[in-house]
Participant: 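Got a structure for you, questions after.
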Amino acid sequence: MRVAIIGAGYVGLVTGACLAEFGHRVSCVEADAERLATLEAGGIPIFEPGLAGLVARNVAAGRLVFTGALPLAVADAEIVMIAVGTPARHGDGGADLGQVYEAARLVAPAVRDGAVVVVKSTVPVGTGDDVERIIRSGAPDRSVHIVSNPEFLREGAAIEDFKHPDRIVVGAESDPAREAMAELYRPLMLSPSPLLFVSRRTAELTKYAANSFLAMKVTFINQISDLSEAVGADALEVARGIGLDPRIGDKYLNPGPGYGGSCLPKDTVALIRTAADAGARVTLVEATVDANEARKHGMARRVALALGGEVEGRTAAILGLTFKANTDDLRDAVSLELVAALTAAGAHVRAYDPEGMAAAHAIFPDLTYCSDAYDAASGADVLVIATEWEAFRALDFERLGKIMSHRLVVDLRNLYWPQDVARYGFTYHSLGRTVARPSGRASLKAVGNGS
Ligand code: NAD
């Protein structure tokens, strides 16, 4: 099939590359001149594992092109996918649909008769109706089908998620639309992933319901984590104990610093807005958002407490800036609040992230950016693990003990067994577990003369 994708961000680019890999002919339209120039020159403007090879292979095969010429790409397409951003609106936190409506306005004059316009962006219930009105008024002489096909991929595992989805949700109101979507996803139909045909409004709500449920699950285990600390239980063992129950499931049950990223924060708030407007409040989601905000603020306080309350003039090494591992995305990352609060309190921050330093530099130009974890830890009073990158899972604590001013770790991702770190003479704070203090004469001897 011939497909045009409007927006070559995390979702549009991955979708375009994967559909091209299935054999479709895909034009990705990008409005951002710098992003487009990078793509046209064979570069990849985002970090997503496996994406560079996939894009290069499909560009070389002539199945994938990048362009700024929206009308040309759309005129040729049987399916037009809108994959532009829907950030939180300033003020009330609802979804800002400006990019979606603008894309619809640009698509209307160019779209073919009989084409299917798919909204892939995460949009509130009823947006498909608005898009339909915009396209109808801009293309009154053509019959165009508007479909909702929300995307469930996770950054960092996006290609795997796209090629092996748990489900594909398609909200369509006509047979030609359903047939076109079935043909688009036919290459996936050999796998067991179900293609769920529902109404457009149901599809739109399904995406928000999924993200809000995940946010609630994360927040639930975070509250159990706080309770575990208060009563001397181990939250990781509690999580395992409940997660083995298939009615609960073990995913999204890791105590952490609060959810961040480009989706859960904005989608929970947008669902609250939709529900309030519809007169059917989702108080569980409201409580989730409040609890998560409080938790994110609380992370800097944890570091301050670990430092004995004295932050001014102290040096904090922050390992990880992105909102999670395997992405360069900093949107709503917990690290942003952490770094801002620590620097406001007078700490000197030395930061390292495998992929997020360029984006972080644009936000915090004055941090000391380091070449690796050990460079960051050099002379630091505390080492804070803020993102669960693989590179931070096997740190050499013997070496860290020699180069840090104090042997103090605050691990916001629970990457280590507390006693394993304490053996090297460190005080180790993690989430939902008792603080581990230095122990073991043999290992203390091994780390030499650090404090
Ligand atoms: P993004 O900001 O990374 O990408 C959007 C792209 O669209 C940008 O490059 C922008 O320049 C481009 N764009 C905007 N208007 C355009 C126009 N008129 N013509 C051409 N290009 C245009 O956003 P994203 O992270 O890819 O998210 C896109 C949507 O998908 C959002 O609604 C988001 O909530 C949803 N979503 C995101 C994820 C994720 O993990 N990032 C997962 C599922 C769903």
Side-chain angles (χ1 to χ4, degrees), residues 4-18 27-39 44-49 51 66-74 77 80-89 94-110 117-124 127-128 131 134 148-162 165-169 203-204 206-208 210-212 214-215 259-271 322-333 359:
I5 299 185
I6 318 300
Y10 289 86
V11 168
L13 194 49
V14 169
T15 302
C18 289
S27 298
C28 278
V29 182
E30 176 52 55
D32 182 289
E34 197 179 324
R35 199 166 255 207
L36 178 61
T38 303
L39 289 164
I44 301 291
I46 58 173
F47 174 76
E48 179 60 45
L51 186 58
F66 299 105
T67 178
L70 184 146
L72 277 180
V74 167
V80 178
M81 293 187 140
I82 298 179
V84 298
T86 50
R89 193 164 53 205
D96 180 343
L97 296 173
Q99 292 180 43
V100 173
Y101 293 155
E102 174 66 4
R105 273 191 288 275
L106 295 169
V107 165
V117 173
V118 180
V119 180
K120 215 166 206 347
S121 301
T122 302
V123 294
T127 304
V131 169
I134 293 169
S148 164
N149 173 213
E151 183 50 63
F152 296 98
L153 59 75
R154 297 160 300 164
E155 285 177 24
I159 293 168
E160 180 66 16
D161 285 352
F162 195 93
D166 307 315
R167 76 301 202 192
I168 299 164
V169 176
E204 289 168 339
T206 302
K207 173 66 190 177
Y208 283 101
N211 273 359
S212 296
L214 293 175
Y259 60 79
S262 60
C263 291
L264 298 194
K266 77 173 174 60
D267 292 349
T268 43
V269 174
L271 182 68
T322 52
F323 84 91
K324 65 174 179 179
N326 290 323
T327 183
D328 57 350
D329 200 342
L330 248 77
R331 288 178 279 186
D332 264 316

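Both backbone and side-chain heavy atoms feed into the values below; hydrogens, waters and symmetry mates do not. Whatever order the structure lists them in is the order used to number ligands and atoms, beginning at 1.
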Participant: Please round to the nearest 0.5 Å and tell me the distance separating atom CG of N211 and atom CZ of F152.
Facilitator: 8.0 Å
Participant: Between CD1 of I134 and CG of L106, what distance do you get to the nearest 0.5 Å?
Facilitator: 10.5 Å
Participant: Rounded to the nearest 0.5 Å, how far does CG of L97 lie from OG1 of T86?
Facilitator: 7.0 Å
Participant: Kindly print each ligand 1 N/O atom paired with any protein N/O atom under 3.5 angstrom away, one pair per line, or none if nothing qualifies.
Facilitator:
{"residue": "ligand 1", "atom": "3 (O)", "partner": "Y10", "partner atom": "N", "Å": "3.4"}
{"residue": "ligand 1", "atom": "9 (O)", "partner": "E30", "partner atom": "OE1", "Å": "2.7"}
{"residue": "ligand 1", "atom": "9 (O)", "partner": "E30", "partner atom": "OE2", "Å": "3.1"}
{"residue": "ligand 1", "atom": "9 (O)", "partner": "R35", "partner atom": "NH1", "Å": "2.9"}
{"residue": "ligand 1", "atom": "11 (O)", "partner": "E30", "partner atom": "OE2", "Å": "2.4"}
{"residue": "ligand 1", "atom": "21 (N)", "partner": "A31", "partner atom": "N", "Å": "3.1"}
{"residue": "ligand 1", "atom": "25 (O)", "partner": "R331", "partner atom": "NH2", "Å": "3.0"}
{"residue": "ligand 1", "atom": "26 (O)", "partner": "Y10", "partner atom": "N", "Å": "3.0"}
{"residue": "ligand 1", "atom": "26 (O)", "partner": "V11", "partner atom": "N", "Å": "2.8"}
{"residue": "ligand 1", "atom": "32 (O)", "partner": "T86", "partner atom": "OG1", "Å": "2.6"}
{"residue": "ligand 1", "atom": "32 (O)", "partner": "T122", "partner atom": "N", "Å": "2.9"}
{"residue": "ligand 1", "atom": "34 (O)", "partner": "T122", "partner atom": "OG1", "Å": "3.4"}
{"residue": "ligand 1", "atom": "34 (O)", "partner": "K266", "partner atom": "NZ", "Å": "2.6"}
{"residue": "ligand 1", "atom": "40 (O)", "partner": "E155", "partner atom": "OE2", "Å": "3.4"}
{"residue": "ligand 1", "atom": "41 (N)", "partner": "E155", "partner atom": "OE2", "Å": "2.8"}
{"residue": "ligand 1", "atom": "41 (N)", "partner": "S262", "partner atom": "OG", "Å": "3.4"}

Participant: Look at the side chain of N149 and the backbone N and O of V169, then say whether any donor-acceptor pair between them is shorter than 3.5 Å.
Facilitator: yes
Participant: If you measure from CG on L264 to CG on D332, what distance do you get to the nearest 0.5 Å?
Facilitator: 10.0 Å
Participant: So, taking the atom named OG1 in T122 and the one named CD in E151, what distance separates them when rounded to the nearest 0.5 Å?
Facilitator: 8.5 Å
